[in-house]
Protein chains: 2
Amino acid sequence: MSVKQIILGILSWKASTGYEIKNEVEYSGRQLGWGKMSYGSIYPTLKELQQEGLITVQESNTTNRITKVYDITSKGWLELESWIEEPSAYPITKDDLLIKMSFWDHVRSSDDDTILISKLEERKNETQNLLNHFLQWENNEVSTIGRVAFFSMDYVKSKLETELKWIEKTLTSIKIGENLKAKDPNNLIRKSSKRKQGSLEINDWSEL
Amino acid sequence: MSVKQIILGILSWKASTGYEIKNEVEYSGRQLGWGKMSYGSIYPTLKELQQEGLITVQESNTTNRITKVYDITSKGWLELESWIEEPSAYPITKDDLLIKMSFWDHVRSSDDDTILISKLEERKNETQNLLNHFLQWENNEVSTIGRVAFFSMDYVKSKLETELKWIEKTLTSIKIGENLKAKDPNNLIRKSSKRKQGSLEINDWSEL
DNA sequence: TTTACCATGTAAAATGTTACATGATTAG
DNA sequence: CTAATCATGTAACATTTTACATGGTAAA
């Protein structure tokens, strides 16, 4: 992963403490689709970055509380620049609902769609929340949006909107019972159904 | 992650060897946005699944070559069913280019967009390839697409199409030099630029 | 005959999360 | 005064990738 670079990047915005870095990842990074970043990840990485000379620390021992403000060094800036120019891996998405839906027809033989519908509706709410968070972030008075960063914001926004449209479309399609392009040329789904029944019968049998 | 469930799910389609599972993940799973799955992940997991009684093995010792065909058991089917009903985490995407773009304005002060343009064009090609792979998969004679799986396919397709449109829009926007909604109310970008210059000057100084 | 594909597996390293421990400061 | 937030950190665990090791089989 790129925990190191994300931390460096956030420090390029503004010198910060470990605690602030986590908040920044979860507030500004949320709409960008970054995940979360745990302290167990942040503090050890800050130590490493410091040892590599990419960041510096300013410790403030006011009364008896230690806070450490980290800032990026010249070496850190160069590291960030060369990382940006490096080739990037194609994005990877871990989407459990989507994975489940691709196994759905083989696993659940029933026509009852209540579970699927509730899952889609839950997803719709979460996505709508993210979009709201996003719009609020975009339009508040403090957010910095650079020329290039704007494009990435625009991307995330259109992705979220596309997702919402898809959910709507899918929900109506389920409710009116459309059949669409479903196909099973090798009868794999029917076979799955039989294999499943077979194995469950054997199981019943052995339980007697 | 859900390596266990993905393997179980693939075995719900069809009994397979470890080698075939990997191919299936990379061929059918590619369009679904699953990442890759390494043998270092597959074989130990198959062993575990077997120990838990979720899958069985059929060893074939033709001549002197061992191949092991794994199949899902009744316990495995039940496990899959209950996994599908479990609540799913909101999707997580790791998109390095997007991350880079969100730091871009702070890190690269130059107006030269050739690097950005080439990165976007590379991304466009990769996404177009994925979409082509997808369409070919969807329209071939062997792919099984169940009723629910169809919806997930539809989702991925519209996501890829949205991305392509965004790239086109962004490239034209860059080329004609649009300014859009970029803003910097707290002068963070200007400050970054100064902090960067400052740190680089100190560095030059110390190198004398 | 040699290249590509089929096939199984392990050990070490990298990467990250969870859960815990600790305590200061601020707002209501 | 007490709840929320600010703040730092570690150790154990979980997960996965990388790199290696090995060899059979089919097609050109």
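First the proteins, then the strands, lettered A, B, ... as listed; each starts at 1.
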Q: Could you state the NZ-C1' distance from B:K94 to C:dT17, rounded to the nearest angstrom?
A: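 One finds 14 Å between C1' of C:dT17 and NZ of B:K94, rounded.
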Q: A:K22 has an atom NZ; how far is it from atom P of D:dG9, in whole Å?
A: 15 Å
Q: Rounded off to whole Å, could you give me the OH-to-P distance for the A:Y39 and D:dC13 pair?
A: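 About 24 Å, once rounded to whole Å.
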Q: Of the listed nucleotides (D:dT8, C:dT17, C:dG9), which one gets closest to any side-chain atom of A:T67?
A: D:dT8
Q: Closest-nucleotide mapping onto DNA chain C: is B:P44 or B:N23 further toward the 5' terminus? I mean the 5' end.
A: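 Its nearest nucleotide being more 5', the pick is B:N23.
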Q: Can you tell me how far C1' of D:dT22 sits from OH of B:Y19, to the nearest Å?
A: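 That distance rounds to 15 Å.
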Q: Check the distance between D:dA7's C1' and A:Y70's OH and give it to me in whole angstrom.
A: 11 Å
Q: Counting the atoms with a prime plus P, OP1 and OP2 as sugar-phosphate, which does A:G18 contact under 4.0 Å by heavy atoms, base, sugar-phosphate, or nothing?
A: sugar-phosphate
Q: Among the nucleotides C:dT17, D:dA7, D:dT8, which one has an atom lying closest to any side-chain atom of A:I66?
A: D:dT8
Q: Does B:F134 reach the side chain of B:L130, with side-chain heavy atoms less than 4.5 Å apart?
A: no
Q: Using a cut-off of 4.0 Å on non-hydrogen atoms, how would the nucleic acid contact of B:K47 be classed: base, sugar-phosphate, or nothing?
A: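 The answer is sugar-phosphate, as B:K47 gets under 4.0 Å only of primed atoms, P, OP1 or OP2.
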Q: Nearest-Å distance, CZ (B:R65) to P (D:dA26)?
A: 8 Å
Q: Checking side-chain polar atoms at under 3.5 Å, does B:S60 have a donor or acceptor matched by the opposite partner on B:T67?
A: yes
Q: Hey, does B:T17 reach any base, or is it just sugar-phosphate, or nothing, if we go heavy atoms under 4.0 Å?
A: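 The answer is sugar-phosphate, as B:T17 gets under 4.0 Å only of primed atoms, P, OP1 or OP2.
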Q: Working note: A:Q128 + A:N132, criterion side-chain hydrogen bond (donor to acceptor under 3.5 Å, both in side chains); need CA distance, chi angles, decisive distance, verdict.
A: CA-CA 6 Å; A:Q128 186 65 59; A:N132 292 343; 3.2 Å; yes
Q: Could you give the CD1-to-P distance, from A:I42 to C:dT17, as a whole number of Å?
A: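 In whole Å, C:dT17 P and A:I42 CD1 are 9 Å from each other.
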Q: May I have the distance from A:E20 (atom CD) to D:dT5 (atom P), rounded to whole angstrom?
A: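 It is 16 Å, rounded to the nearest whole Å.
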Q: Evaluate the ring planes of B:Y27 and B:H133, with Trp represented by its six-membered ring, and classify them as parallel (under 30°), tilted (30 to 60°) or perpendicular (over 60°).
A: perpendicular
Q: Hey, are B:E24 and B:K14 close enough for a salt bridge, meaning a charged N less than 4.0 Å from a carboxylate O?
A: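 No, no charged N to carboxylate O under 4.0 Å.
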Q: Just compare D:dT17, C:dT10, D:dT8 and give me whichever is closest to any side-chain atom of B:S41.
A: D:dT17
